[in-house]
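Data first, discussion second: the structure below is written as structure tokens.
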Amino acid sequence: MSFKVFIKRCFMEYFIITTCVTAAIAILGLCIDPSARFGYESYFSPLIFGLVSILPSGVTFSRKELSLKQTIIRKILHFFFLVLMLVLFVFWTGLLKGFNEAVSFVFSVFIVYVIVNIVSWHLNKKEATKVNKLLKHFQEDKVR
Amino acid sequence: MKVSLKKIERVLEEHAIICCYEVNDDIKSIVKYIKSTGTLISGYDEDRQKQIVLNDIYYIEAVDNKVFAYTSNNVYELKCKLYEFAEQYDKRHFFRCSKSCIVNLMKIESVQPFLNGRLSAVMLNKEELIISRQYVPLLKKTLLGEEI
């Protein structure tokens, strides 16, 4: 993958993350503390969370095509750095204070990470099925 | 259309003659197919030059500035650049599936999902090749017969 393609992908992921964080804040806020009021500065939090979440993606960049083993190692490293960045960020901002809170936070990040990967795998499987059908038609057509 | 087959001696060159009223699309596609089946290219197996039937090649890979052609059970070095091969044979079932690899679409058994939006092509000899994410839309276009 070229660096340009990688940056493009990062931008796309950044906007997806900021949208999801905004939606999560709105839904969780309404459920947990609907009377809370915020100033204009609160608009920055999804943008900052997005930025913090996208920085560890640098680990996944490679100009060469990665093998399955290399991809899995990079994914594990990516998850590790993502958790580290997020935990450091939420402690620094004072959003989390105790060890128990941190554990449940890491667990939630893990769940989201797994769900995202399962969804991505499912979409990829759908794509593979489509390509297989086209491939079969193509091969039959050429032999005929 | 009536089909006649005639066996010839090994010393003679194999050829096909088509007797038709007009050269229509069907005839053109038959001609294209016949031409592609017999195409030979030169490859090197431990410094010995050999002729490889183009359709026997499973995939072409560039490794350390050298280009190799993989058949079902042999590997030959080609004296050309990967992009030169791609330019010359892209109309003959060969598709660029990653930066360093060109695959023969007729030798793919199936494709499987791989990590990070990539696909893995399982070849007829059970070898697996990675199809990069950026080449997947191009692959679909090629299979649909659209111009890339």
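Reminder, nothing fancy here: chain letters follow the sequence lines and each chain counts from 1. These figures come from a predicted structure and were not determined experimentally.
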> Hey, mind stepping through B:Tyr70 and B:Tyr58 against ring-ring contact (aromatic ring centres under 6.0 Å, His included) and telling me if it holds?
Replying inline: CA-CA 6 Å; B:Tyr70 296 78; B:Tyr58 277 59; 9.7 Å; no

> Would B:Gln49 and B:Ser42 satisfy side-chain hydrogen bond (donor to acceptor under 3.5 Å, both in side chains), going step by step from the backbone distance to the final call?
Replying inline: CA-CA 7 Å; B:Gln49 191 177 2; B:Ser42 294; 3.0 Å; yes

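Residues of residues 24-53 of chain A placed with any heavy atom under 4.5 Å of a heavy atom in chain B are absent; none qualify. Listed in order of number, the residues of residues 121-132 of chain B that approach chain A to under 4.5 Å between heavy atoms are B:Ile130, B:Ser132. Of all residues in residues 100-135 of chain A, those placing a non-hydrogen atom less than 4.5 angstrom from a non-hydrogen atom of chain B are A:Trp121, A:Asn124, A:Lys125, A:Glu127, A:Ala128, A:Lys130, A:Val131, A:Asn132, A:Leu134, A:Leu135. Within residues 79-93 of chain A, no residue has any heavy atom less than 4.5 Å from a heavy atom of chain B.
The shortest side-chain heavy-atom distance between B:Phe68 and B:Lys66 falls under the 4.5 Å cut-off. For the pair B:Asp56/B:Asn74, no side-chain contact is recorded, criterion being any heavy-atom separation below 4.5 Å from C-beta on.
In this structure, B:Phe94 has its ring center closer than 6.0 angstrom to the ring center of B:Phe85. Taking the six-membered ring wherever Trp is involved, the centroid distance between the rings of B:Tyr76 and B:Tyr44 does not fall below 6.0 Å.
Closest of all the heavy-atom pairs between B:Tyr59 and B:Cys101 is CD1-SG, 3.9 Å. The two atoms that bring A:Leu66 and A:Thr60 nearest to each other are CD1-O, 4.4 Å, heavy atoms only.
A:Tyr14 pairs with exactly one of A:Thr18, A:Ile17, A:Ile16 by the side-chain contact (heavy atoms from CB on, under 4.5 Å) rule, that one being A:Thr18.
With a 4.5 Å cut-off on non-hydrogen atoms, B:Leu144 touches chain A through its side chain but not through its backbone. Contacts of B:Leu119 with chain A are made by side-chain atoms alone, with heavy-atom separations under 4.5 Å and no backbone atom involved. Using a 4.5 Å cut-off between heavy atoms, A:Lys136 makes no contact with chain B at all.
A distance of 9.0 Å separates OG in B:Ser98 from CD in B:Gln134, rounded to the nearest 0.5 Å. Note that the CG atom of B:Leu139 and the CZ atom of B:Phe95 stand 4.5 Å from one another [nearest 0.5 Å]. Here CD of A:Glu13 is found 11.0 Å from SG of A:Cys20. Values are rounded to the nearest 0.5 Å. From B:Cys97, atom SG reaches atom CD1 of B:Ile60 across 11.0 Å, with rounding to the nearest 0.5 Å. Atoms CD and CD, on B:Glu84 and B:Glu87 in that order, are 7.5 Å from each other to the nearest 0.5 Å. We find the NE2-NZ distance between B:His93 and B:Lys107 to be 10.5 Å, quoted to the nearest 0.5 Å.
Under the 4.5 Å side-chain heavy-atom criterion for ILVMFWY residues, no single connected hydrophobic cluster contains both B:Ile102 and B:Tyr83. Under the 4.5 Å side-chain heavy-atom criterion for ILVMFWY residues, no single connected hydrophobic cluster contains both A:Val59 and A:Leu55.
Checking side-chain atoms of B:Arg96 against main-chain N and O of B:Lys99 turns up a donor-acceptor pair under 3.5 Å.
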